[in-house]
Engineer: 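First, the structure itself, so that you have it in front of you.
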Amino acid sequence: MKVYLEEVLREALISLSAEYPSLAGAEIQIEKPRSPEHGDAATNLALTLAGAMKMPPRKIAEKIVAALNTDDSLISSAEIAGPGFINFRFAHKWLQNQLLTITKASGEYGKTTDNKDKKVLIEFVSANPTGPLTVGHGRNAVLGDTIARLLEWSGALVDREYYFNNAGRQMRVLGESVLARYSELCGKATDFPDGGYEGDYIKDIASLLFDEHQNTLLNREDAVAICKGAAEAQIFEDIQNTLKRMNIRMDAFFNEYSLYESGAIESVVERLRDKNLAYDADGAVWFKTTEFGKEKDTVLIKSSGEPTYRLPDIAYHIHKLDRGYDIAIDIFGADHIATYPDVVSAVNALGYDGSKIDVQVYQFVTIVKDGKPFKMSTRKANFVTLDELMDEVGPDVTRFFFLMRSPGTHLEFDIAEAKEAGEKNPVFYLQYAHARICSILRKADETINSGDADADPSLLNHDSEINLIKHLLEFPDAVSVSARHREPHRLITYLNEAAAHFHKFYHDCRILGEEEKLASARVLLLHATANVLHNGLTILGIEAPDQM
RNA sequence: GCGUUCGUAGCUCAACUGGAUAGAGCAUCUGACUACGGAUCAGAAGGUUGGGGGUUCGAAUCCUCCCGAGCGCACCA
């Protein structure tokens, strides 16, 4: 419809261009007015042309409307309003006929070709295996997964990747922490390492080791390594189970260490040197970030010979692009926001297209527990795990809570409120609408003979019916916008409105017991609505229940 | 101090990136079908979009200066 309006407007402009040559190339914007009083679609064309034509916008609008040649079966009216907007209304006939395209498309309805066949890599979670996933990781995990789903619905081929490092200092401390707990189990008093991991899960891992080895590890030189290995394996299993429970699957786990093994790290340093962007000073290797507008240069390799994390980050992103991805998305918390420009600079400097790197930054979640802000620390074992949260409220509420707000705003997560899984919880509003429809459809199956194919949608002329149909037709656009911005909350806003339109329709119009032709037309509308809700919830990774 | 992301109804947040009278939910108040699921629906009330200045036909959105918050600013990840 948007395309059609653009065409008609373009033709009108061309016909007017004999008199006003500047019109022919004007850019045409079609948007949906915020208020329904302003019609179903509007263009600000006359306003944008006012300056160039030196005419009042309303006067220009009049000329455009006069030159407009619209098909009555598609557009029922074109009016000038306000400062010079042209408002269009869609013909009922057209709206009604679109219902069948929704039900026919079924599970495919809402898919677009915006990113058709684009290869996308999305990296998210990427927590090092030092402890269980906490609600602090939740926003990252759920955003990443849902953005992946949105992009799949826009036609992209998406790979999900989890990047981790099991070689750093933190991991060594983890091994030492386990060893200390293990020693305790062996009856040997040991000092707990400074800054060690205090969580109970460390004791569980130590206990497993004790069951397996008794006290035979105590005198082995590689005891820390064994403890570290066991902890990593155990924690990763735990993390994967949590992800699975949240309806998240990863396609790959990428170990930072492989970048050392492959020589990728060294190669980056050499190539930066070749470009004169890396140099030695004070025993360290530096990256000339001042070339890219930074105040200071940045250390790539410490004087100890160990790289900083920035170097493998650069190598990793180059590796992503080497694998042929058209878009490489990173889901980062606000703490990483200052570091990625260096990565992009390096990637560009080495001849890659840094614009393929798409960094999505979300603001941190403030956990509110017992009415107060709660600072989490994996090391100090102050945390609420995602598993604990899901025990309380289930995966659907967990996902929904992280998705319902714009990633760009600070999210306050009140544990008590989330646990209050009652009617306050907005996810139920959507699920209830779906369950309610399914319930009616079950009953309709028994009483109404004709199927969708026989239904006559032209009987649906009630305001509530028309408004619902209009909204259902916006679904593909909602998915598309949501995917383009990488902002799932836009889809949630849309679905809430869809559910509201449905509930309104439900109250205004009866279905069962109406005259059979009308009843089957309304059943068709129910099918279309359920389809939209179902597809939308599927994108969000949330269940669409048949009954609750 | 510098950089960065924010500040919208009592609370939690929207507003399709510059469009028309800034919208929802929760909380508060008033109402609704002896029928399809009341986990619903209709209505009331609630605002100087943190504050000042600027840009233009038009600003919550863009520029600037204040105020307040989060996060960065290591040869830590």
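Convention: sequence-line order gives letters A, B, ...; per-chain numbering from 1. Below, all heavy atoms of this structure are taken into account, side chains as well, without hydrogens, waters or symmetry copies.
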Engineer: Any carboxylate oxygen within less than 4.0 angstrom of a Lys/Arg side-chain nitrogen, looking at A:Lys59 and A:Glu62?
Structural biologist: no
Engineer: Is the shortest distance from a Lys or Arg side-chain nitrogen in A:Asp330 or A:Lys320 to a carboxylate oxygen in the other one below 4.0 Å?
Structural biologist: yes
Engineer: Check every strand shown and say whether A:Ala42 touches a base, only sugar-phosphate, or nothing at a heavy-atom separation below 4.0 Å.
Structural biologist: base
Engineer: Check residues 126-136 of chain A and write down every donor-acceptor pair under 3.5 Å in which the side-chain atom is one partner and the other belongs to a residue at least two apart or another chain.
Structural biologist:
residue	atom	partner	partner atom	Å
A:Ser126	OG	A:Glu123	OE2	2.8
A:Ser126	OG	A:Phe124	O	3.4
A:Ser126	OG	A:Tyr163	N	3.1
A:Ser126	OG	A:Tyr163	O	3.4
A:Asn128	OD1	A:Asn165	N	2.8
A:Thr134	OG1	A:Gly136	N	3.1
A:Thr134	OG1	A:His137	ND1	3.4

Engineer: For the rings on A:Phe164 and A:Phe236, is their centre-to-centre separation under 6.0 Å?
Structural biologist: yes
Engineer: Hey, what do you get for CG (A:Leu9) to CD1 (A:Ile28), rounding to the nearest 0.5 Å?
Structural biologist: 5.0 Å
Engineer: Any base atoms under 4.0 Å from A:Tyr309, or only sugar-phosphate, or nothing? Heavy atoms, all strands.
Structural biologist: base
Engineer: Quick one: side chains of residues 333-342 of chain A, donor-acceptor pairs under 3.5 Å with protein atoms, not counting sequence neighbours, listed by atom name and distance.
Structural biologist:
residue	atom	partner	partner atom	Å
A:Thr339	OG1	A:His336	O	3.1
A:Asp342	OD2	A:Arg310	NH1	2.2

Engineer: Would you mind pulling out the nucleotide paired to B:C33, Watson-Crick or G-U wobble, both distances under 3.5 Å?
Structural biologist: none
Engineer: For B:A14, does the base pair up with any side-chain atom of A:Asn496 as donor and acceptor (N or O, under 3.5 Å, distance only)?
Structural biologist: no
Engineer: With both distances under 3.5 Å as the test, what is the Watson-Crick or G-U wobble partner of B:G68?
Structural biologist: B:C6
Engineer: At a cut-off of 3.5 Å, list every protein nitrogen or oxygen paired with a nitrogen or oxygen from nucleotides 4-8 of chain B, distance to 0.1 Å.
Structural biologist:
residue	atom	partner	partner atom	Å
B:U5	O2'	A:Gln363	NE2	2.4

Engineer: Strictly below 4.0 Å: does A:Lys294 bring a side-chain N or O up to OP1 or OP2 of B:C2?
Structural biologist: no
Engineer: Scan every strand shown for a Watson-Crick or G-U wobble partner of B:A44, both distances under 3.5 Å, and answer none if you come up empty.
Structural biologist: B:U28
Engineer: Rounded to whole Å, how long is the line connecting atom NZ of A:Lys504 with atom C1' of B:G43?
Structural biologist: 11 Å
Engineer: Taking the six-membered ring for Trp, does A:Tyr432 stack with B:G37 (centroid gap under 5.5 Å, planes within less than 30°)?
Structural biologist: no
Engineer: According to the Watson-Crick and G-U wobble definitions, with both distances under 3.5 Å, which nucleotide is paired to B:C73?
Structural biologist: B:G1
Engineer: Closest-nucleotide mapping onto RNA chain B: is A:Ala81 or A:His485 further toward the 5' terminus? I mean the 5' end.
Structural biologist: A:His485
Engineer: Under the rule syn = chi within 90° of 0, otherwise anti, which is B:U12?
Structural biologist: anti
Engineer: With a 3.5 Å limit on both atom pairs, tell me what B:C62 is paired to, counting Watson-Crick and G-U wobble, or say none.
Structural biologist: B:G54
Engineer: Which part of the nucleic acid, if any, lies within reach of A:Glu497 when heavy atoms closer than 4.0 Å are counted: base, sugar-phosphate only, or nothing?
Structural biologist: nothing
Engineer: Which base, if any, makes a Watson-Crick or G-U wobble pair with B:A20, both distances under 3.5 Å?
Structural biologist: none
Engineer: Heavy atoms only, 4.0 Å cut-off, all strands: where does A:Ser35 land among base, sugar-phosphate and nothing?
Structural biologist: nothing
Engineer: Starting at the 5' end of RNA chain B and moving along, which residue's nearest nucleotide shows up first, A:Phe364 or A:Cys509?
Structural biologist: A:Cys509
Engineer: Say you pick atom C1' in B:A45 and the same atom in B:U4; how far apart are they, in whole Å?
Structural biologist: 39 Å
Engineer: Is there a donor N/O on one and an acceptor N/O on the other, under 3.5 Å, for the side chain of A:Asn44 and the base of B:G19?
Structural biologist: yes
